[in-house]
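Accompanying notes for the structure given below.
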Amino acid sequence: MGILIGVAAAVVLLVLFLLIGYVKAPPDTAYMISGFRKPRIMIGRAGIRIPFLERLDKLSLKMFSVDVKTTDFVPNAEYINVKVDATVKIRIGQSEEMMSLASKFFLNEGEDMIIRRVQDTLEGNMREIVGQMRLEEMVTDRKAFGEKVQENAIPDLRKMGLEMISFNVQSFSDQNNVIEDLGIDNVSQIKKGAAVAKAQADRDIAIAQAQAAKEANDAKVQSEMEIAEKQTSLSIRQAELKQQSDVKKAEADAAYSIQEQEQRKTIEVASANADIARTERTAELRAREVEVAKQTLDAEIRAKADAQRYAAEQEAEAELYRRTKEAEAKMIERQREAEGIRAVGEAEAEAIRLKALAEAEGIDKKAEAMKKYGEAAVIEMIMEALPEIAKNVAEPLSKVDKITMYGEGNSAKLLSDIVNGTTQVTEGISAGMGIDIKSLILGALGGKMASDNAPVVVVQPADGTAETEAKTEGPEKN
C-alpha cells in the first residue's frame with residue numbers, strides 16, 4: 001500500500017513538474033530559456049523549462065512604428081534652419097545573433113520603452129543627413145533623403161539587434177519660409193505655363209471651330225448635291241422600271257396565252273399518255289401473270305427435279321453405305337481368314353518344330369545307340385538299307401513292259417548288272433563316308449560263323465512279285 005502511495009505521489013509530482021515547466025512561444029515573441037542548460041531561443045514552438053533551475057525571458061518580435069522628428073531647427077548645407085518630421089518602421093532582428101544583441105538592451109521590455117530608446121539614435125542620424133543636403137534636394141527628392149538616413153542609421157541599429165524596415169518623410173519646415181517662397185516661385189511658373197497653355201488652347205479651339213464650320217458647310221453642300229443626284233437617278237430609274245414593267249406585262253400577257261395553249265396541249269398529251277400508260281400497264285400485268293405462271297411451272301419442275309435428285313442422292317448414299325458395310329464385312333472376314341491362316345501356320349510351324357525336335361531326339365538316341373552298339377549297329381543299318389538300294393536299282397526295270405534277250409547267258413547277265421549296281425552303291429557309300437563295308441561285314445561274319453544266319457542280297461525281279469532268300473549253314477560258300 002505504501003508503495004502505491006509513493007508511486008501515485010511521484011506521478012503527481014511529475015505531472016505538476018511538466019505543467020509548471022511547459023512553455024509555448026507565440027510566433028511574434030521569442031522565449032529565451034537560460035540557467036541550468038545551454039541558453040536556447042524558442043519562436044512559435046513549445047518546450048520544457050526546469051522549474052527553479054531555469055528562467056524564462058521574453059523578447060517581442062513585433063514591428064514598431066517610431067515617430068522621429070527634430071526637436072528644433074537644424075541648419076542644412078545652405079545654413080537654412082530646417083525641421084523634419086518622419087516615421088520609421090523597425091523590429092528585432094530574426095537571426096540568433098541579432099536576438100542575442102537585442103536581449104542585452106530590450107529583454108522583457110515593452111514597445112514604448114523600445115521606441116523611446118531608439119528615437120534619440122534615429123533623430124541624431126536624421127540631423128546628420130539634414131546638415132549634408134540642400135533644402136531643394138530634400139524637398140524635391142524625399143526618397144534620396146530617406147535612403148541616406150537609412151544608410152546612416154542601419155549600422156547603429158544593428159549594434160542594438162534592430163532592423164529598419166522603412167523610412168518615410170512626413171514633412172519639411174524652415175524658419176524663413178524658404179520652402180513657401182520656393183512654392184510661390186513654382187506657383188508663378190505654373191501659372192505662367194497655365195496662361196500660355198490656356199492661350200494656345202483658345203487659339204487651337206478657334207482654329208478648330210473654323211475648320212469645323214468649313215467642314216460642316218462643305219459637308220452640307222456635298223450632301224445636297226448628292227441628294228439631287230440621287231433624286232435624278234431615282235426618277236430615271238423609276239422610268240426605266242416602268243418601261244420594263246410594261247414590257248414585262250405585255251410579255252406576261254402573251255406568255256399567259258402561250259402558257260394556256262401549252263397547258264391545254266399538255267393536258268391532251270397527258271391524257272393520251274395516260275391511255276398509253278394504261279394499255280402498257282395492262283400488257284405489263286398480263287406479261288407479269290404469264291411470267292408468274294412460267295415461274296410457278298419452273299418452280300414445280302425444279303421442285304420435282306430436286307425431289308428426284310434428292311431421292312437419287314439418298315439412294316446413292318444408301319448404296320454407298322451398303323457397299324461400305326459390305327467392304328467392312330469383307331475386310332473383317334479377310335482379317336478373320338488371315339488370323340485363321342496365321343493360326344494354322346503357327347500350328348503347322350509348331351508341329352514342324354515339335355517334329356523336328358522329335359526327329360532330333362531320335363537321331364540323338366540313334367547316335368547314342370550307335371555309340372553303344374558300335375560296328376554291329378552300323379552293319380545292321382547297312383544291311384537294312386541294302387534291300388532298299390537293290391529295289392531302287394531294279395526300279396527302272398519295273399517300267400519295262402517287255403525285254404527281248406538274244407544269246408546265251410543273258411538272264412545271268414541281267415542279274416549280274418543288278419548286283420554290280422548295288423555293289424557300286426555300297427562302294428560309293430564306303431568312299432564317301434570312309435567306311436569299309438566289306439571289312440565290317442567279314443569281321444562280323446567271322447565272329448558268328450557257327451550260329452548266325454547271314455542275310456544275302458534280295459533281288460526284286462521286274463514284276464516285283466518274288467523275293468529270293470538264301471541261307472547257308474556252316475562256312476560261307478562264295
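Computed from a predicted model, the values in this text were never measured in an experiment. The chain is numbered in sequence order, starting from 1.
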Specify the closest pair of heavy atoms between [X] and [Y], including all atoms of both residues, with the distance to one decimal.
X	Y	result
Ile92	Ala102	CG2-CB, 3.6 Å
Arg37	Ile48	NH2-O, 2.9 Å
Ile41	Ala30	CG2-CB, 4.0 Å
Ala46	Tyr22	CB-OH, 3.4 Å
Gln170	Arg142	O-NH1, 3.4 Å
Ala153	Met164	CB-CE, 3.7 Å

Check whether any side-chain heavy atom of [X] lies under 4.5 Å from a side-chain heavy atom of [Y], and answer yes or no.
X	Y	value
Val118	Asp120	no
Thr29	Leu61	no
Leu157	Leu122	yes
Met99	Ile43	yes
Val169	Phe145	yes
Ser60	Phe106	no
Glu300	Lys304	no
Arg55	Asp57	yes

Has [X] got more than 12 heavy atoms of other residues, nucleotides or ligands less than 6.0 Å from its [atom1]?
X	atom1	answer
Glu96	CD	no
Arg353	CZ	yes
Gln244	CD	yes
Glu291	CD	yes
Glu313	CD	yes

Working to the nearest 0.5 Å, report the span between [atom1] of [X] and [atom2] of [Y].
X	Y	atom1	atom2	answer
Phe172	Ile80	CZ	CD1	12.5 Å
Met126	Gln119	CE	CD	10.0 Å
Arg302	Arg309	CZ	CZ	10.0 Å
Asn81	Thr70	CG	OG1	10.0 Å
Asp112	Phe64	CG	CZ	9.5 Å
Arg158	Glu163	CZ	CD	7.0 Å

Q.
With a 3.5 Å distance limit and no angle check, can you tell me whether Ser245 reaches the backbone of Leu241 through a side-chain donor-acceptor pair?
A. no
Is it true that [X] and [Y] have a side-chain N and a carboxylate O under 4.0 angstrom from each other?
X	Y	value
Arg127	Asp72	yes
Lys220	Asp218	no
Lys249	Asp246	no
Lys148	Glu151	no
Glu54	Arg40	yes
Arg288	Glu284	yes

Q.
Checking Lys83 against Asp85 for the salt bridge (charged side-chain N to carboxylate O under 4.0 Å, His left out) test, could you report, in this order, the C-alpha distance in whole Å, the side-chain angles of both residues, the deciding distance, and whether it holds?
A. CA-CA 7 Å; Lys83 272 188 176 183; Asp85 186 4; over 6 Å; no
**Q.** No-hydrogen, no-angle side-chain donor-acceptor test under 3.5 Å, Gln211 and Glu215
**A.** yes
Q) Among side-chain atoms of Arg134 and Thr140, is any donor-acceptor pair under 3.5 angstrom? A) no
Q | Identified side-chain contact (heavy atoms from CB on, under 4.5 Å) partner of Glu123 from the options Thr71, Val88, Val84 | A | Thr71
Q | Pair Glu326-Arg323, salt bridge (charged side-chain N to carboxylate O under 4.0 Å, His left out): steps then yes or no | A | CA-CA 5 Å; Glu326 289 178 356; Arg323 291 181 179 179; over 6 Å; no
Q: Dump the intermediate steps for side chain to side chain contact (heavy atoms under 4.5 Å, CB included) on Thr87 and Ser65, then the final yes or no.
A: CA-CA 7 Å; Thr87 302; Ser65 180; 3.5 Å; yes
Q: Test Asn76 against Val74 for side chain to side chain contact (heavy atoms under 4.5 Å, CB included), laying out the working first.
A: CA-CA 6 Å; Asn76 68 346; Val74 179; over 6 Å; no
**Q.** Steps toward side chain to side chain donor-acceptor pair (under 3.5 Å) verdict (Glu339, Gln335)
**A.** CA-CA 6 Å; Glu339 291 176 357; Gln335 290 177 354; over 6 Å; no
(Q) One pair to check against side chain to side chain contact (heavy atoms under 4.5 Å, CB included): Asn125 and Gln150. What are the steps and the verdict? (A) CA-CA 8 Å; Asn125 286 281; Gln150 290 186 60; over 6 Å; no
Q: List the steps, then state whether side chain to side chain contact (heavy atoms under 4.5 Å, CB included) holds for Phe105 with Leu162.
A: CA-CA 10 Å; Phe105 299 99; Leu162 298 175; over 6 Å; no
(Q) Walk me through whether Glu289 and Arg286 qualify under salt bridge (charged side-chain N to carboxylate O under 4.0 Å, His left out). (A) CA-CA 5 Å; Glu289 290 175 357; Arg286 289 178 181 176; over 6 Å; no
